[in-house]
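Worksheet: one structure, shown below.
Every chain is numbered from 1 and lettered A, B, ... according to where its sequence line falls, protein lines coming before strand lines.
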Protein chains: 2
Amino acid sequence: MARRSDHSREELKEMAIAAGQRIIAEEGFANFSARKAAREIGYTIGTIYNVFESHDDFILHINVVTLRDMAVFLEAKASGSGQQVIKQLAAGYSEFAKENYNRWSALFEHNLPEGQELPDWYNDEIKKLFYIVEKHFEAVVKNKKSVEIAAKTIWASIHGICQLSLTGKLDTVGVKSIKTLTDSLVDNYMRGLVS
Amino acid sequence: MARRSDHSREELKEMAIAAGQRIIAEEGFANFSARKAAREIGYTIGTIYNVFESHDDFILHINVVTLRDMAVFLEAKASGSGQQVIKQLAAGYSEFAKENYNRWSALFEHNLPEGQELPDWYNDEIKKLFYIVEKHFEAVVKNKKSVEIAAKTIWASIHGICQLSLTGKLDTVGVKSIKTLTDSLVDNYMRGLVS
DNA sequence: ACCTGAACACCGTTCAAGT
DNA sequence: ACCTGAACACCGTTCAAGT
């Protein structure tokens with residue numbers, strides 16, 4: 001059957017991605033399925049595969065929206081300077097992750113098969129996100145190479161603290177809040193960096 | 001049918017877990033299924049549910065073995081003292097994660113539904129793993145509370161660096177190796193800690 | 001008591017066949 | 001050209017029915 005053309009290819013993509021975002025946000029990544037998204041937008045599963053290359057491709061298109069939302073959120077939080085802004089970014093990251101737990105954790109519950117690399121348009125969004133951190137190190141660290149290393153180290157470390165804390169994998173018996181750990185990280189790392 | 005009793009309940013559990021380990025190691029977490037594990041041990045899916053509470057429970061039993069293997073691996077690597085041993089642990093963590101990528105990433109690709117906490121027997125294994133790091137901080141840091149904070153911060157940070165690096169989510173264009181970042185972390189954090 | 005296997009309600013992926 | 005829907009080979013979960 002069919003050739004409804006109610007929506008353009010681009011419209012279909014956007015509708016499917018929006019539906020996917022809603023499903024992941026409300027039901028979690030484990031309960032997401034392409035069929036469910038198709039049902040939500042009133043099309044059949046065949047249409048999803050007409051518009052996306054594969055299940056993985058569909059998920060990457062959903063996740064990149066989360067990445068973009070996170071970049072906007074972090075930009076708005078980074079108002080200070082020097083060490084203070086790094087703490088704001090750490091607080092911002094953990095706040096975003098907590099408030100958007102299902103969407104945020106989908107970013108890491110989904111991985112491409114071993115050996116397969118993320119597409120450029122996805123990596124570009126990671127790069128933008130990371131650059132928000134990097135630019136604030138340029139005032140503190142002189143050497144350009146060192147800026148990149150410092151920014152990547154801090155960024156990945158903050159992520160690790162949030163990841164293990166929020167997924168309950170940091171032996172939470174000690175009741176250390178995320179803030180205690182990110183403060184410890186930023187305070188000591190930055191002190192070591194400038195000394 | 002049936003009451004074969006070829007194997008005791010405990011034997012069945014161990015066989016199923018071993019099969020699960022093999023499937024995840026060879027095919028990745030995304031391609032693991034309880035049915036596949038059942039087939040591998042020559043039983044039906046019903047038997048899996050006879051022996052495990054649920055799919056999540058089965059996965060946790062598989063993942064806890066990886067946690068135990070990792071603890072043994074890390075213990076063997078931590079031969080130095082002070083700052084050197086922290087670097088050995090960082091190198092050990094990334095080595096284990098790289099050499100056992102599929103098993104290691106299953107640890108984080110699987111998360112319980114929001115709000116549900118990890119069982120005690122699983123948390124205990126995390127605690128043991130973490131304690132390997134913690135005990136090496138006791139020589140460096142006096143205050144007992146500070147030891148725990150420092151150890152958790154470093155542990156989570158090392159994990160974050162490995163996670164983003166190995167899953168390709170650290171914008172690898174800059175070709176920063178894991179070692180560069182963990183060295184930067186340990187060097188600066190420790191310098192800040194003792195100054 | 002132990003294990004099966006069918007039943008149920010799902011999946012991702014492909015593609016011939018309709019409009 | 002666009003979309004469908006059936007087909008295929010799978011899932012997790014439950015449970016009556018066999019031995």
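Using a 4.0 Å heavy-atom distance criterion, B:Leu12 is classed as a sugar-phosphate-only contact.
Going from atom NE2 of B:His7 over to atom P of C:dT4 covers 10 Å, rounded to whole Å. Across the protein-nucleic acid pair, A:Phe52 atom CZ and D:dC3 atom C1' stand 16 Å apart, rounded to whole Å. The CE atom of A:Met15 sits 10 Å away from the P atom of D:dC3 (whole-angstrom rounding). In this entry the distance linking CG of A:Asn50 with C1' of C:dA17 reads 15 Å, nearest Å. In this structure, the CZ atom of B:Arg9 is 12 Å from the C1' atom of C:dA1, given to the nearest Å. Rounded to whole Å, atom C1' of C:dA1 lies 13 Å from atom OH of B:Tyr43.
Here B:Glu134 does not pair with B:Lys152 in a salt bridge; the nearest charged N to carboxylate O distance is not below 4.0 Å.
With 3.5 Å as the limit, one finds no donor-acceptor pair spanning the side chains of A:Glu26 and A:Asn102.
A donor-acceptor pair is defined here as one N or O able to donate and one able to accept, closer than 3.5 Å; no such pair exists between the side chain of B:Ser184 and the backbone of B:Thr180.
Across all strands shown, the partner of C:dA1 is D:dT19, judged by Watson-Crick or G-U wobble contacts whose two distances both fall under 3.5 Å. Under the Watson-Crick and G-U wobble criteria, each requiring two contacts below 3.5 Å, nucleotide D:dC8 is paired to C:dG12.
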side-chain contact (heavy atoms from CB on, under 4.5 Å) between B:Thr167 and A:Phe108, intermediate numbers included: CA-CA 9 Å; B:Thr167 59; A:Phe108 306 100; 5.6 Å; no
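Separating the C1' atom of D:dC10 from that of D:dA6 is a span of 16 Å, rounded to the nearest Å.
Phosphate contact (OP1/OP2 of C:dT4, side-chain N/O of B:Thr47, threshold under 4.0 Å): present.
Each of B:Gly46 and A:Asp56 was matched to the nucleotide of DNA chain C holding its nearest heavy atom; the match closer to the 5' end belongs to B:Gly46.
Heavy-atom neighbours of B:Glu11 CD from other residues, nucleotides or ligands within 6.0 Å: above the threshold of 12.
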What does the list of N/O pairs under 3.5 Å between the protein and nucleotides 9-12 of chain C look like, with a distance for each?
unit_1, atom_1, unit_2, atom_2, d
C:dC11, OP1, A:Ser33, OG, 3.0
C:dC11, OP1, A:Arg39, NH2, 3.4
C:dC11, OP2, A:Arg39, NH2, 2.8
C:dC11, O5', A:Ser33, OG, 3.3
C:dG12, OP1, A:Ala34, N, 3.1
C:dG12, OP1, A:His55, NE2, 3.0
C:dG12, OP2, A:Arg35, N, 3.4
C:dG12, O3', A:Tyr49, OH, 3.4
C:dG12, N7, A:Arg35, NH1, 2.3
C:dG12, O6, A:Arg35, NH1, 2.9

Using a 3.5 Å cut-off and no angle test, enumerate the donor-acceptor pairs between side-chain atoms of residues 73-83 of chain A and protein atoms at least two apart in sequence or in another chain.
unit_1, atom_1, unit_2, atom_2, d
A:Lys77, NZ, A:Glu95, OE1, 3.3
A:Ser79, OG, A:Gln88, NE2, 3.4
A:Gln83, NE2, A:Asp187, OD1, 3.1

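Taking the side chain as every heavy atom from C-beta outward, A:Lys135 and A:Tyr131 approach each other to under 4.5 Å.
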